[in-house]
A.B. asks: 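Let me give you the structure first, and then I'll get to my questions.
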Amino acid sequence: MNKFIIILALSLFLFSCKQTPKFAYPQIDQQVTVNEYHGQKIEDPYRNLENLKDSTVISWLKAQNNLSDSVLEKIPNRNKIVEKQKQFDQENAFSVWSLRETYNGQFFFLKQTAEEDSPKLYYKKSLQSPETLLFDSNSIKAINLDGNYFIDYIKPNWKGEKIAIGLSKENDDMSKIIVIDVSSKEVISDVLSNFVPSIGGIQWLPNDTGLTYVYHPNINPQDPNYGLNTKSVVYNINKNPSVQREFFSQSNNPEVILNPEDFPKVYVYQGYHKYIFGQVSGVSRFKDLYYKSSESIESTNTPWKKLYDKSDMVKQIALNNDTIIFLTAKNASNFKICKTNILKPDFKNPEIIIPESKETVITDIAVNDTGLYYVKLRNGVEAKLYHFNGKKEEEIKLPRPSGNVAIVSKGYKHPNLTVYSEGWLQEGTLYEYNTDNHEFVNHQIIPTMNHPEFESLVVKEIEVESHDGAMVPLSIIHKKDIKMNGENPTLFTGYGSYGEPGTPFFSSNFLTWVNEGGILAIAHVRGGGEKGDDWYRGGFKENKPNTWKDIISCTEFMIKKGYTNSLKSSIMGSSAGGIMAGRAVIERPDLYNALLLISPAMNMVRSEIQPNGPNSIKEFGTVKKENEFKALLEMDSYHNIKQGVKYPATLVTAGYNDGSVVAWDSSKFVAQLQSCSTNDTAPILFSIDFDGGHSGMNLSMDGVYKLYADMFSFALWQTGHPDYQPKN
C-alpha cells in the first residue's frame, strides 16, 4: 500500500544533503515526496525530476550537460582516445556483421569500410563467388523516408530470393522494414513500421510468401504504455501488401496466457519443418512456448497448443522431425540436454541425452544430419565444442582456444555446422565445420586482422573468494611489460543480471584502455549465467546484494595483491550493470576514485513505473510485495546515498529518449549525489544526449568513439594518469 505526501521544498530543505562548494552544479528546487511501503516511509527529494517535459527540468538537464562538456573538454588527450579507436577500426579496412546463410549456400551480410558512415548490404552466391552490392542506405531516398537511415537488421528468406531489411535513424530504438527482390534489387514491399530488431527479429514464413515480426503499438519511449500490448503480425507480400494480420497476440489468442508486458514472438526454426512456435517472452530467464502446424499460418482461427512453460526451465530447443531436443536447467543448474516427442511431449520426465556436468555449463546446442552438437563453458571464459552421434560424446578440437563459442546449423536435413569463435584478444571468426573430413574452413567473409598494438596484451583468468565464500571468476587484461605494482589505472566492470553470461568478447574500444597502460578487470558476478542457473539465482531479487559484493571482493583482492590501489581504481556499469557499479560505490566509496555509468538503473524502487517496468518486475521484483520491496530498496543506489560522505568522481550518461531506463532515473541519482558528497575535489558530471536512446544503442561510430573517450579520459584523469591531467 502506498500513501503519498507531497511537499514542495527548496533545495536546502531540512533533510536534504548539503551542496558541495567546489563545482557550481546546476540547482533545481526539490519536490519532496514521501511514500509509505509496508509501514516504511521513504523520502524522495527529487521526484519532480521525473517530469522530463517540465521546462524547469529540461533547463536543469541542459545546464548539467553544459557543465559536463565544459569539464570534459579540458581533459588533455581525450581526442587521442577517439583517434586510437578509429585507428584500430581502420586497420581492419572494413567490418562485417549480421552474416546470414541460406539453405542453398548464399551469404548475405552488412559491410562497412573505415571511411563510410553506415553499412551496406552485400551478398555472395557462394563462398567462392565475388561479393555483390545489394542495397545502400543512400537508396532510402527512393522509398520516401525522411531523414538519414542506416541498415540495422537483415533476414533473407529461405531460398535467398528476397531479403527483409531493418532501417533506423541514429539514436532511434524503433526501426522500419522493407523487402527487396535479390535479383532485381528493387523494393517489393510497403514500408513496415514499429519494429525493434532485438525483440524477436524477423521470421520468414515456411513458404516464403511473407514474414512475421513483433509490432509495437506505442513508439514513444516516454509514454507509460511504451513496450506494452505488442503483437506478432504477419505481412504477406503476395496477397494484400497493405494489411498486417495479427497472428500471435493477447487479443487474437485467448488460449494463450499473455500479459500486457509480454512479447509474443513467433519462431520458424526451419523452412521445411511442419511446426511453428510462439514464445511468451520478456526479461524472465525461461519462457512459455506454444506451437501449431505450419499449414495453419494462413488461418487466424487455429489455436496454439502449449508445449512447455517456465517451470520446465527450457533455455533452447532444436528440432529433428517430431523429436524436440532441448537444453534445460530443471534439476540441473549447469544444464542438461534432453529429448521428447512433440506429439506426446513430456518435459517433466524426458529422456536425458547429455547429463549435467558439475564443472561446466552447457550454453548452446544445434542439430544437423550427423547428430547433436553443443558448447560447454567453464567459469564463463573457456568454451569447448562437442559432438554426440547417438552413442558417445567427443570433443571437437577448435582451430584456436576460445572464450566464447556459438553454433548454428541448417537443421536435421543438412550437413555441416557454422561455428563462431571469439576471445578477449581475438576478433570473432566464423568457421564452417565439415563433418565429413572434420576440418574447419574460415568463411573469410569476416576479415581476420592482427592488431600490433594488442599483441603485447595478456589475459589472466582467476577466481576470487567473495564475502560468503563463493568463488567469483575474474578476467584481468593488461600489457605484458607493465609492473603490477599498484600504480596502474584499473577499470573494474561487470553486469550480473538476467542470467547473461559475461563470456569473452573482443572490443577494440575497451582494449584502448589497456593500450593506454590501464588494467581491465572484468568480474563475472552473480546474477549472470557464467556458472549456471544457481549462479544467476545467487544475484536475483533478494539475493541481488551478492552482485555488488562480488565485485567489491574482486576489488579488495586486486588491492590486497598490490595490483592496484583505491586511488587508481575506477568502476563502470551500464544499464542493469549500473546496479552493480552504483551500489558498490555507495557501499564502499573508499575503494574507488571514479564511477562511470551509462544509462544506469539507479532508482530501483521506482523501476516498475517506467515503460519497461512491468518486465523489470520479473527480474528485480515489485514494491507491492514486502520482501521484494526491501530487495529493491537495498539495490537502489539513489536511496542509499548518505549525507556527508566523500564519494568518488562520477560521470553519468543518459539518453533523453531511453525507453528501457528512463533518463530521470539517473537524473535523480546525480542530483542527490551532487548534493550529498563532501568530496569537493571530485566532479560529479551528468551528460545527457537529447536525441539519444538506451546505452548508446544505434549511435554512429563517431558517437561510440566519443562515448568511450569521455568515459576513459575522465577515469584516467581521476586515477592520476599524467597524460590526462588538466592544467587548471
Side-chain angles (χ1 to χ4, degrees), residues 283-286 313 315-316 327-329 332-337 356-365 374-386 401-407 420-426 428 459-477 491-507 510 520-541 543-555 557-558 571-577 579-581 584 619:
V283 302
S284 55
R285 185 154 166 78
F286 303 110
M313 303 177 73
K315 179 184 176 183
Q316 185 182 359
L327 187 60
T328 176
S333 173
N334 286 353
F335 291 88
K336 59 188 176 185
I337 304 175
E356 176 191 20
S357 165
K358 296 302 180 183
E359 291 77 30
T360 57
V361 179
I362 304 174
T363 60
D364 202 4
I365 60 173
Y374 47 98
V375 177
K376 289 184 177 181
L377 186 68
R378 184 184 299 274
N379 280 347
V381 295
E382 181 186 355
K384 293 184 178 181
L385 178 63
Y386 292 84
S402 181
N404 180 17
V405 170
I407 53 177
Y420 177 82
S421 172
E422 188 177 19
W424 296 122
L425 305 179
Q426 300 167 332
V459 180
K460 294 178 181 177
E461 303 288 3
I462 63 174
E463 286 188 292
V464 174
E465 185 174 354
S466 192
H467 69 103
D468 58 355
M471 300 303 293
V472 182
L474 178 65
S475 303
I476 305 170
I477 308 174
L491 178 63
F492 292 90
T493 190
Y495 188 68
S497 288
Y498 306 112
E500 291 293 329
T503 49
F505 60 91
F506 179 87
S507 169
F510 266 104
L520 181 61
I522 302 159
H524 304 278
V525 298
R526 277 173 282 188
E530 287 90 335
K531 298 176 78 170
D533 194 60
D534 287 348
W535 195 251
Y536 163 60
R537 299 289 168 185
F540 177 74
K541 290 189 177 180
N543 294 325
K544 196 64 183 171
N546 287 327
T547 299
W548 63 84
K549 289 181 185 297
D550 284 351
I551 201 165
I552 286 173
S553 295
C554 290
T555 307
F557 170 85
M558 294 279 286
I571 185 170
M572 184 177 189
S574 177
S575 193
I579 301 172
M580 176 208 68
E619 175 71 13

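We're numbering straight along the sequence, starting at 1.
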A.B. asks: Dump the intermediate steps for side-chain contact (heavy atoms from CB on, under 4.5 Å) on N379 and E530, then the final yes or no.
C.D. replies: CA-CA 6 Å; N379 280 347; E530 287 90 335; over 6 Å; no
A.B. asks: Under the side-chain contact (heavy atoms from CB on, under 4.5 Å) rule, collect the residues that match up with N543, sequence neighbours excluded.
C.D. replies: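 N543: side-chain contact (heavy atoms from CB on, under 4.5 Å) contacts with N546.
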A.B. asks: So does A470 get a backbone contact from the side chain of D468, meaning a donor-acceptor N/O pair under 3.5 Å?
C.D. replies: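 At least one qualifying donor-acceptor pair exists.
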A.B. asks: For K549 and S466, work out which heavy atoms get closest and say how close.
C.D. replies: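 The answer is O-OG, 3.8 Å.
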A.B. asks: Does the ring centre of F506 sit less than 6.0 Å away from the ring centre of W424?
C.D. replies: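 Distance test on ring centres: not under 6.0 Å, no.
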A.B. asks: Taking all non-hydrogen atoms of both residues, which atom of K541 and which atom of P545 are closest, and how far apart?
C.D. replies: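 Shortest heavy-atom separation between K541 and P545 comes out as O-CD, 4.5 Å.
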A.B. asks: Against N334, only a single residue in L377, I362, V361, D533 fulfils side chain to side chain contact (heavy atoms under 4.5 Å, CB included); can you say which?
C.D. replies: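 The option that passes is V361.
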A.B. asks: Between NZ of K358 and OG of S333, what distance do you get to the nearest 0.5 Å?
C.D. replies: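 OG of S333 is found 7.5 Å from NZ of K358.
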A.B. asks: Using the side chain to side chain donor-acceptor pair (under 3.5 Å) rule, take T363 and K315 through it: C-alpha gap first, then chi angles, then the decisive distance, then the call.
C.D. replies: CA-CA 9 Å; T363 60; K315 179 184 176 183; 5.7 Å; no
A.B. asks: Flag the pair S553 / V472 as yes when at least one side-chain heavy-atom distance between them is below 4.5 Å, and no otherwise.
C.D. replies: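 Counting from C-beta outward, S553 and V472 never come under 4.5 Å.
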A.B. asks: Nearest 0.5 angstrom please: I462 CD1 to M558 CE, how far?
C.D. replies: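 Those atoms lie 7.0 Å apart.
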A.B. asks: Report the residue from V525, V464, T555 that forms a side chain to side chain contact (heavy atoms under 4.5 Å, CB included) with D550.
C.D. replies: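 Passing option: V525.
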A.B. asks: Y498 and A576: which non-hydrogen atoms are nearest, and at how many Å?
C.D. replies: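 Distance-wise, the nearest heavy atoms are CE1-CB, 3.9 Å.
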A.B. asks: Please report the closest heavy-atom contact between M471 and W535, naming both atoms and the distance.
C.D. replies: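 Residues M471 and W535, closest heavy atoms: O-CH2, 3.3 Å.
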A.B. asks: If you round to the nearest 0.5 Å, how far is CD of E463 from CZ of F557?
C.D. replies: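 Atom-to-atom, F557:CZ and E463:CD are 11.0 Å apart.
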A.B. asks: When rounded to the nearest 0.5 angstrom, what distance separates OG1 in T360 from NZ in K384?
C.D. replies: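 It is 9.5 Å, given to the nearest 0.5 Å.
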A.B. asks: Any sub-3.5 Å donor-acceptor pair from S421's side-chain atoms to V405's backbone N or O?
C.D. replies: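 Side chain of S421 to backbone of V405, a donor-acceptor pair under 3.5 Å: no, none is there.
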A.B. asks: Tell me every residue that passes ring-ring contact (aromatic ring centres under 6.0 Å, His included) with F540, counting only those two or more places apart in sequence or in another chain.
C.D. replies: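 For F540 the ring-ring contact (aromatic ring centres under 6.0 Å, His included) partners, ignoring immediate neighbours, are Y536.
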A.B. asks: Can you name the nearest heavy-atom pair linking P401 to Q426, along with the distance?
C.D. replies: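 In this case the closest contact between P401 and Q426 is O-OE1, 3.2 Å.
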A.B. asks: Which residues satisfy the side-chain contact (heavy atoms from CB on, under 4.5 Å) test with P501, sequence neighbours excluded?
C.D. replies: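 Once residues adjacent in sequence are excluded, the partners of P501 under the side-chain contact (heavy atoms from CB on, under 4.5 Å) criterion are T503.
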A.B. asks: Report yes or no: does E422 contribute a side-chain atom to a donor-acceptor pair with the main-chain N or O of N404 at less than 3.5 Å?
C.D. replies: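 No, the answer is negative, given that no donor and acceptor are paired below the 3.5 Å cut-off.
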A.B. asks: Rounded to the nearest 0.5 Å, how far apart are OH of Y374 and CG of D364?
C.D. replies: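 It comes to 13.0 Å.
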A.B. asks: Is the side chain of T493 donor-acceptor paired with the backbone N or O of I522 at a distance under 3.5 Å, no angle test?
C.D. replies: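 Between the backbone of I522 and the side chain of T493 there is no qualifying donor-acceptor contact (under 3.5 Å).
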A.B. asks: Is the closest basic N to carboxylate O distance between R378 and E461 below 4.0 Å?
C.D. replies: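 No, no charged N to carboxylate O under 4.0 Å.
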A.B. asks: Testing the basics here: between A584 and I551, what is the closest heavy-atom pair and its distance to 0.1 Å?
C.D. replies: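 Smallest interatomic distance, heavy atoms only, reads CB-CG2, 3.9 Å.
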A.B. asks: What distance do K531 atom NZ and E359 atom CD have between them, rounded to the nearest 0.5 Å?
C.D. replies: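 Answer for the NZ-CD pair, K531 versus E359, is 11.5 Å.
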A.B. asks: Distance-only, no hydrogens or angles: does the S284 side chain make a donor-acceptor pair with backbone N or O of F286 under 3.5 Å?
C.D. replies: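 Checking the backbone N and O of F286 against the side chain of S284, a donor-acceptor pair under 3.5 Å is found.
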